[in-house]
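Scope of the values below: all heavy atoms of this structure, side chains included, with no hydrogens, waters or symmetry mates.
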Amino acid sequence: MITIRLLPFALLFLTAALVGCQSDGGPTEPTPAEPSQTGLVHGEIGGGPVAFEFLSEDGADDGEPRPGPFLIRGQDVRYDDDLGALLVDITLVNASEMAYPEPVSLAFVSLRPDGVTILNADNGEPGAGAVFAFEFENDDAVWTPGEASLPRTVQFDVAAGVSIGFVARVDVGMMPDGGTLGGVVWHDLDEDGLIDDDEMGLPDVGIAIAGPGDLEFMAVTGPDGEYRVDGLDAGYYTVTRLPRDDLEATTPPQMQVILVETEDGGVSDFLGANFGCLVVETTPPGEIEV
């Protein structure tokens, strides 16, 4: 698997163009970085089509073969006022000399700044772990050298004028593997720290996950109170239920989780990062309790 980092400054320029913050010069290129961390902005900032390209590094890591390089190409970057979202058409190109089996997918590992989410991931995940599968014009089930995917539109839920960045991963021959970390936030009516049959999950509760290598992930519980982040590497993780005014903790709001490598080279799952809460009444703004 390839870890692909699109530096925040690349999309910073793109977002600035969308809100009319035009630079004084012509086309802009970010300062070169390491091969695995280089994003290039093409086009005039503040006018005309704006796009970016990122080429992942190739070669081997510690003597182990690594697929790639792969090219991530973003085009037609625009802001949709009706959706309240930044839209980017992303295409993946096999820039290597090898063919790879399909499916081919892109998984978002983290988003910047905090609060940025994705509206239209294939797996319904709004944050870290959001997956987009890519299709091709032919149906030979092989991603050949130089072959480009059909574009996929990614919708980033972010206010106009806010610059964003992301870390993403390209997976070939399988949907993203790796460990899964998840759990449920539930309404602990009897405050005993146990999930009873009559106790329901709590939606729209934020979960922060800090992982190895200073990676940070965000998740939000769904209608059933469940959350999950897929495609994680082995390592130590700190899972934190974020505070909400109408929730009172009945279990510790933070826990440590270890995902370990399995015998077949995969990563273990942990789906028991559960948090109990008591729903409490809050005072509406402008009202005073007497």
Side-chain angles (χ1 to χ4, degrees), residues 1-8 34 36-37 56-57 60-67 105-118 121 123-131 164-171 174-186 188 193-195 201-202 205-222 225-244 247 249-277:
M1 295 184 297
I2 303 298
T3 298
I4 296 176
R5 300 179 183 273
L6 180 62
L7 297 187
E34 295 298 321
S36 63
Q37 296 181 328
S56 69
E57 65 180 352
D61 187 11
D62 298 329
E64 294 294 329
R66 182 174 55 230
S105 60
L106 179 75
F108 287 89
V109 177
S110 64
L111 299 164
R112 295 290 187 277
D114 293 341
V116 175
T117 58
I118 294 175
N123 60 348
E125 175 59 55
V131 174
I164 70 169
F166 60 78
V167 178
R169 186 185 68 239
V170 173
D171 292 276
M174 63 188 73
M175 291 303 284
D177 60 3
T180 296
L181 199 161
V184 62
V185 180
W186 85 98
D188 191 7
L194 301 175
I195 304 177
L202 296 172
V205 181
I207 302 292
I209 301 173
D214 296 326
L215 290 178
E216 295 181 358
F217 308 86
M218 289 294 298
V220 178
T221 59
E226 295 183 355
Y227 71 94
R228 62 182 288 161
V229 176
D230 300 309
L232 299 178
D233 295 329
Y236 293 85
Y237 293 85
T238 299
V239 187
T240 305
R241 179 190 62 79
L242 299 180
R244 210 172 77 178
L247 299 181
T250 62
T251 64
Q254 187 176 87
M255 69 173 63
Q256 308 297 319
V257 175
I258 303 175
L259 300 184
V260 300
E261 293 186 5
T262 59
E263 293 182 356
D264 61 359
V267 180
S268 64
D269 298 332
F270 184 83
L271 299 177
N274 304 328
F275 299 97
C277 297

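Counting heavy atoms from C-beta on, the side chains of Ile164 and Pro113 come closer than 4.5 Å.
Closest approach of Pro126 to Leu111, counting heavy atoms only: O-CD1, 4.2 Å. Val205 and Thr221 get closest at one heavy-atom pair: N-OG1, 2.8 Å. In terms of heavy-atom proximity, Ile118 sits nearest to Ala130 at CD1-CB, 3.9 Å. Between Arg241 and Cys277 the shortest heavy-atom distance is NE-SG, 3.3 Å. Nearest heavy-atom pair, Tyr227 versus Val220, reported as atom, atom and distance to 0.1 Å: CB-O, 4.3 Å.
One N or O on the side chain of Ser268 and one on the backbone of Val260 form a donor-acceptor pair closer than 3.5 Å.
Residues meeting the side chain to side chain donor-acceptor pair (under 3.5 Å) test with Thr250, sequence neighbours left out: Asp188. In terms of the side chain to side chain contact (heavy atoms under 4.5 Å, CB included) criterion, residue partners of Val184 (sequence neighbours excluded) are, by chain and number, Ile195, Glu226, Asn274.
The one candidate from Thr251, Leu202, Thr240 that meets the side chain to side chain contact (heavy atoms under 4.5 Å, CB included) condition with Phe275 is Thr251. In summary, of the residues considered (Asp230, Val267, Leu271, Val257), a side chain to side chain contact (heavy atoms under 4.5 Å, CB included) with Leu181 occurs for Val257 alone.
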Task: Working for side chain to side chain contact (heavy atoms under 4.5 Å, CB included), residues Phe217 and Tyr237 - done: CA-CA 10 Å; Phe217 308 86; Tyr237 293 85; 4.1 Å; yes
TODO: Give the intermediate values and the outcome of side chain to side chain contact (heavy atoms under 4.5 Å, CB included) for residues Val229 and Ile207.
DONE: CA-CA 10 Å; Val229 176; Ile207 302 292; over 6 Å; no
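Between the OG1 atom of Thr117 and the CE atom of Met218 there is a distance of 10.0 Å, given to the nearest 0.5 Å. In this structure, the separation between CD on Glu125 and CZ on Arg228 is 9.0 Å, given to the nearest 0.5 Å. The line from CG of Leu232 to OG1 of Thr180 is 7.0 Å long, rounded to the nearest 0.5 Å.
For Glu261, the CD atom sits in a loose shell: 12 or fewer heavy atoms of surrounding residues, nucleotides or ligands are nearer than 6.0 Å.
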